[in-house]
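Accompanying notes for the structure given below.
These figures come from a predicted structure and were not determined experimentally. Below, chains carry the letters A, B, ... as their sequence lines are ordered, and counting in each starts from 1.
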There are 2 protein chains.
Amino acid sequence: MKIALLQPFTIERNVSMREDILKASDLKTTKNRLAILNILDASSGPMTAEEVYSIVAKEVQMSLSTAYRTLGTLSDKGILLKNLSQDGKTYYQFNNHQHKHQLVCTMCSETISIDDCPLTCMEETLIRRTGFIITGHSLEFLGICPKCTGGIKE
Amino acid sequence: MKIALLQPFTIERNVSMREDILKASDLKTTKNRLAILNILDASSGPMTAEEVYSIVAKEVQMSLSTAYRTLGTLSDKGILLKNLSQDGKTYYQFNNHQHKHQLVCTMCSETISIDDCPLTCMEETLIRRTGFIITGHSLEFLGICPKCTGGIKE
DNA sequence: GTAACTGCAAATCTTTTGCACCGAA
DNA sequence: TTCGGTGCAAAAGATTTGCAGTTAC
């Protein structure tokens, strides 16, 4: 019973945190936006619009184009990171300055998240050399996972 | 006059080198394929299918779908590197083990090639940790170039 | 001669957009 | 009340594909 009560409390707290995030970016608080932030917050890695949509659609009524528009808006505001992957789909993740990259198996699509990003140092070099302001980067590794390697003749 | 003669000789030599490349991959030698290899070899960085096509179409008669098919085939054989960029277009470059990444201005699309790739060391770590065979990676930096920075109010 | 290559047009897939309606502030 | 947000359907843009004709070997 105590545990049952704990859950709603946590959700409530998160909801108000997310309202603050939206308010700070001059965005109206809507069921749809909260639901999307909710799902991405719970996710362990980047998700496609389609994935977000298929989960969110179970909770609230939302069209796919709204999912795209919302994800786009949140990315423009810097709340999310947006990233076109080698599979042709765009992945979204919370921009919490602890972003992740992916290692994807080209045979079965198994995906592993890479926690540490080695590019900060390289960005500093680029800034010095080019005068660019660096606003982001995309990095993805492709390979063949151990399960699939088993099937390759040597 | 001597210089004028030098050029055809060089082209001849390159053509036969490219025939060897195709033969080694069990691909027939066609005007189209030679033209595409030619253009990518002369290019200083990765090119889109559209760019390759628009240049190649001046020299030989070729359809856009053939350009796509040829670039795809050459990539499958490992002759080219294929890379979906954050702008939604696929870029192709010679796979000469000296591949380049790009730094792209999100305002004017000015693009700078990055010659040294810092990822080899990271790939070794990933191999150890995940058991994947790493077959490739994509890396791209986005930013705002000095020309465009001038327009931003501080 | 035959399998591989090519051109054309149509299809595919993801993402974006126009427009009319709806809802948060 | 008023913009901004949303749904629907249609458009967009890059790439792929089916099929019939052509070419390298």
Side-chain angles (χ1 to χ4, degrees), chain A residues 15-16 18-37 46-54 56-57 59-77 79-92 104 109 138 140, chain B residues 15-16 18-37 46-54 56-57 59-77 79-92 104 109 138 140:
Chain A
V15 165
S16 79
R18 283 168 205 139
E19 283 180 5
D20 292 345
I21 290 174
L22 292 173
K23 217 163 284 176
S25 295
D26 291 316
L27 296 175
K28 287 183 181 170
T29 304
T30 68
K31 254 190 337 216
N32 290 343
R33 286 174 177 167
L34 291 176
I36 285 182
L37 288 176
M47 297 175 71
T48 65
E50 193 73 48
E51 287 168 346
V52 170
Y53 168 70
S54 72
V56 91
E59 301 175 14
V60 299
Q61 151 71 18
M62 187 191 313
S63 70
L64 181 57
S65 58
T66 295
Y68 273 108
R69 262 193 279 232
T70 302
L71 290 166
T73 304
L74 295 173
S75 302
D76 289 345
K77 295 291 188 180
I79 298 168
L80 302 181
L81 290 177
K82 177 179 178 175
N83 216 144
L84 179 55
S85 158
Q86 294 303 304
D87 65 5
K89 291 173 190 161
T90 304
Y91 287 74
Y92 301 87
V104 184
S109 297
S138 75
E140 190 174 33
Chain B
V15 166
S16 79
R18 282 167 206 142
E19 283 180 5
D20 292 345
I21 290 175
L22 292 173
K23 218 164 285 176
S25 294
D26 289 316
L27 296 176
K28 287 184 180 169
T29 304
T30 68
K31 254 190 339 220
N32 289 344
R33 287 176 175 165
L34 291 175
I36 284 182
L37 288 176
M47 298 175 71
T48 65
E50 194 74 47
E51 286 168 346
V52 170
Y53 169 70
S54 72
V56 90
E59 301 175 13
V60 298
Q61 150 71 16
M62 187 191 312
S63 70
L64 181 56
S65 58
T66 294
Y68 273 108
R69 263 193 277 233
T70 301
L71 290 166
T73 304
L74 295 174
S75 302
D76 289 344
K77 295 290 187 179
I79 298 168
L80 301 181
L81 290 177
K82 178 179 178 177
N83 215 143
L84 178 55
S85 158
Q86 293 303 305
D87 65 6
K89 291 174 191 161
T90 303
Y91 287 74
Y92 301 87
V104 183
S109 298
S138 75
E140 191 174 32

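- Here the side chains of B:E50 and B:L64 are in contact, with some heavy-atom distance below 4.5 Å.
- Between the side chain of B:E140 and the backbone N or O of B:Q86, at least one donor-acceptor pair lies under 3.5 Å.
- Put simply, CD on B:Q61 is 10 Å from C1' on C:dT6, counting in whole angstrom units.
- Atom CG of A:L64 and atom C1' of D:dT6 are 13 Å apart (whole Å).
- For the pair B:L34 CG and D:dA24 C1', the interatomic distance rounds to 12 Å; values are reported in whole Å.
- Note on A:T73: every side-chain N or O is 4.0 Å or more away from OP1 and OP2 of D:dG5.
- Using a 4.0 Å heavy-atom cutoff across all strands shown, A:T90 reaches sugar-phosphate atoms only and no base atom.
- Backbone-only engagement by B:T29 is indicated by non-hydrogen atom pairs under 4.0 Å involving sugar-phosphate atoms exclusively.
- Across B:V56, B:I36, B:L80, a single residue satisfies side-chain contact (heavy atoms from CB on, under 4.5 Å) together with B:T70, and that is B:I36.
- Side-chain N/O atoms of A:N32 include none lying less than 4.0 angstrom from OP1 or OP2 on D:dG5.
- Between B:A49 and B:T30, the residue whose closest nucleotide on DNA chain D is further toward the 5' end is B:A49.
- If you check every strand for non-hydrogen atoms under 4.0 Å, B:K23 touches nothing.
- Going from atom OH of B:Y68 over to atom P of D:dA14 covers 7 Å, rounded to whole Å.
- Neither OP1 nor OP2 of D:dG5 sits under 4.0 Å from any side-chain N or O of A:T70.
- Residue contacts shown for B:T48 are absent, as no nucleic acid heavy atom lies under 4.0 Å away.
- With hydrogens and angles ignored, no donor-acceptor pair under 3.5 angstrom links the side chain of A:R69 to the base of D:dG4.
- With 3.5 Å as the limit, one finds no donor-acceptor pair spanning the side chains of A:T30 and A:N32.
- The closest donor-acceptor contact from the side chain of B:K77 to the backbone of B:S25 lies under 3.5 Å.
- Proximity of B:T66 to the phosphate of C:dG7: a side-chain N or O atom is located under 4.0 Å from OP1 or OP2.
- Residue-level contact check: B:E50 touches neither bases nor backbone, having no heavy atom under 4.0 Å from any strand.
- Heavy atoms of B:S65 sit under 4.0 angstrom from at least one base atom.
- Protein atom OH of B:Y53 is 13 Å distant from nucleotide atom C1' of C:dT6, rounded to whole Å.
- Straight-line distance from the NZ atom of B:K28 to the P atom of D:dT22: 16 Å, rounded to whole Å.
- The separation between B:R33 atom CZ and D:dT22 atom C1' is 14 Å, rounded to whole Å.
- Rounding to whole angstrom units, CG of residue A:D26 and C1' of D:dT2 are separated by 16 Å.
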